[in-house]
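Encoded as structure tokens, the structure appears first; notes follow it.
Atom set for the values below is all heavy atoms of this structure, side chains included, hydrogens, waters and symmetry mates excluded.
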Amino acid sequence: MDERADSTALLTWGNVGLGFAFVAFDAIVSYGFGLGVGMPLITAAVRCVVQLALMALVLQKIFEAENPWGVAGLAFLLNLLGTIEVVVNKAKMRFDRMFPIVLLSMLCSTIPPFWTPDQYIPIVGMLCGSTISGVVITLNFVLKEVYENRDKIETYLAFGASRLEACQPVAKEALRLALTPPINQMSVLGIISIPGMMTGALLGGAPVQQAARLQMVIMFMIAAASALAAILVTGAALATVVDGEHRVRPERVDSAAHWVWRGRARAWAWAKARAGGAVRWVRRRGRGAFANIREVVCMHMLFKIPLALEEYLIYEQTGL
């Protein structure tokens, strides 16, 4: 154990720069082929460096302080940011009170059953990242089915089925889609791929058997968290869009872009309009200034021509 810990290499910013060089090479290749992903790739890499560096500083302080309120606050912040990512960026449609429902679902499904800051926070981060995928898949499928294919649910309701019975096929398919990635991931671990958590533990000097058991526990927690969050958001979404009187309520589903992006588009249009107005103003002033200069030059030339003619006539008469 000590020999493995002593042989662990310490990474420097030079190693990070070397890794970034490969990303820069990909960006150059993208530019050469006209793929249009070079700048987003560089931007994402820079964001990755900045965000991880800031997180490392924050985690270092929290690990040293071992303050329960600090750990709870950071865990809540991770779930809050994950909820914003789901509602604002990833979800194609939204329903009424979606934000608090998703936040509560993630909080209920990403609480590890132990308390140690250096273990609790990384586990919460991994659970949040995996839970987001399951929640997004579930919500997109459920809301699309209810909004675009609501006639199926209305047919069940018309024949006397309760909303639970009418929504059961949609819920089953949504949960099956949400649980497919964790199932596929667990089925190939140790055969095709070596997972990241186990790789990190091995690079940190942990025994191989301990790293393998740690990865097993993490994968079981990820699968359970994804399933629990998917079940909660599926039930809440279906209960919202199919009310207690067994009626499909498509007006409770918003298929437009989130108000954040609509506001961003309006702000961008306003900024472009203002910039265009400023450019037109500069052009008008430039044309006005050029016209003034041209007028001055013409007046100067008109004033000089008679003087030149007078000098020429004097020269012809006197020869001087």
Do you know the tightest heavy-atom contact between A161 and A166? CB-N, 4.4 Å
Once rounded to the nearest 0.5 Å, what's the spacing between atom CG of D96 and atom CD of E251? 8.5 Å
Quick one, V242 and R247 - any side-chain contact, counting heavy atoms below 4.5 Å? no
If you measure from CZ on R176 to CD on E173, what distance do you get to the nearest 0.5 Å? 4.0 Å
For residues 147-157, dump all side-chain donor-acceptor pairs below 3.5 Å to protein atoms at least two apart in sequence or in another chain.
unit_1: N149; atom_1: ND2; unit_2: E145; atom_2: OE2; d: 3.4
unit_1: R150; atom_1: NH1; unit_2: Y147; atom_2: O; d: 3.3
unit_1: T155; atom_1: OG1; unit_2: D151; atom_2: O; d: 2.7

Same cluster (ILVMFWY, side-chain, under 4.5 Å), I231 and I101: no
When you group the ILVMFWY residues by side-chain heavy-atom contacts below 4.5 Å and let the links chain together, are L232 and V102 in the same group? no
Answer yes or no: is there a donor N or O on one side and an acceptor on the other, between the side chain of S30 and the main chain of D26, under 3.5 Å? no
Taking the side chain as C-beta and beyond, is there a heavy-atom pair between L139 and V86 under 4.5 Å? yes
Contact check, side chains of F95 and V142, non-hydrogen atoms, under 4.5 Å: no
Between E165 and S162 (side chain of the first, backbone of the second, donor and acceptor by atom type, cut-off under 3.5 Å), is there such a pair? yes
If you compare all heavy atoms of A223 against all heavy atoms of L179, which two are closest, and at what distance to 0.1 Å? O-CD2, 4.3 Å
I need the I137 CD1 to I132 CD1 distance, nearest 0.5 Å. 12.0 Å
Path from V50 to F20 over hydrophobic side-chain contacts below 4.5 Å: yes
Are W13 and L18 packed together at the side-chain level, in the sense that at least one heavy-atom pair is separated by less than 4.5 angstrom? no
Strictly distance-based, threshold 3.5 Å: is any side-chain N or O of N15 a donor or acceptor partner for the main-chain N or O of T12? yes
Considering only heavy atoms from C-beta outward, does the side chain of T138 approach that of L177 to under 4.5 Å? no
Spell out, yes or no, whether V88 and V253 are grouped together once hydrophobic residues are joined by side-chain heavy atoms under 4.5 Å, including indirect joins. yes
Heavy atoms only: give me the nearest L238-C167 pair and the separation to one decimal. CD1-CB, 3.7 Å
What side-chain donor-acceptor pairs closer than 3.5 Å can you find for residues 33-45, not counting sequence neighbours?
unit_1: T43; atom_1: OG1; unit_2: M39; atom_2: O; d: 2.8

When you compare the side chain of K92 with that of K144, does any pair of heavy atoms fall below 4.5 Å? no
For a quick test of reading the model, state the closest non-hydrogen atom pair linking T83 to F99 and the distance between them. CG2-O, 3.6 Å
Sole candidate of R163, R249, R252 that passes side chain to side chain donor-acceptor pair (under 3.5 Å) when paired with D243: R249
Approximate separation, where rounding is to 0.5 Å, of M186 CE and M216 CE: 12.5 Å
Between SG of C128 and CG of L78, what distance do you get to the nearest 0.5 Å? 5.5 Å
For the residue pair T131 and N79, establish whether any side-chain heavy-atom pair is separated by less than 4.5 Å. no
Pair S187, N184: side-chain N/O donor-acceptor within cut-off below 3.5 Å: no
Are V170 and L175 co-members of a hydrophobic cluster defined by side-chain heavy atoms under 4.5 Å apart? no
Which value, rounded to the nearest 0.5 Å, describes the distance between S226 atom OG and M221 atom CE? 11.5 Å
Taking the side chain as everything from C-beta on, heavy atoms only, tell me whether M93 gets closer than 4.5 Å to N140. no
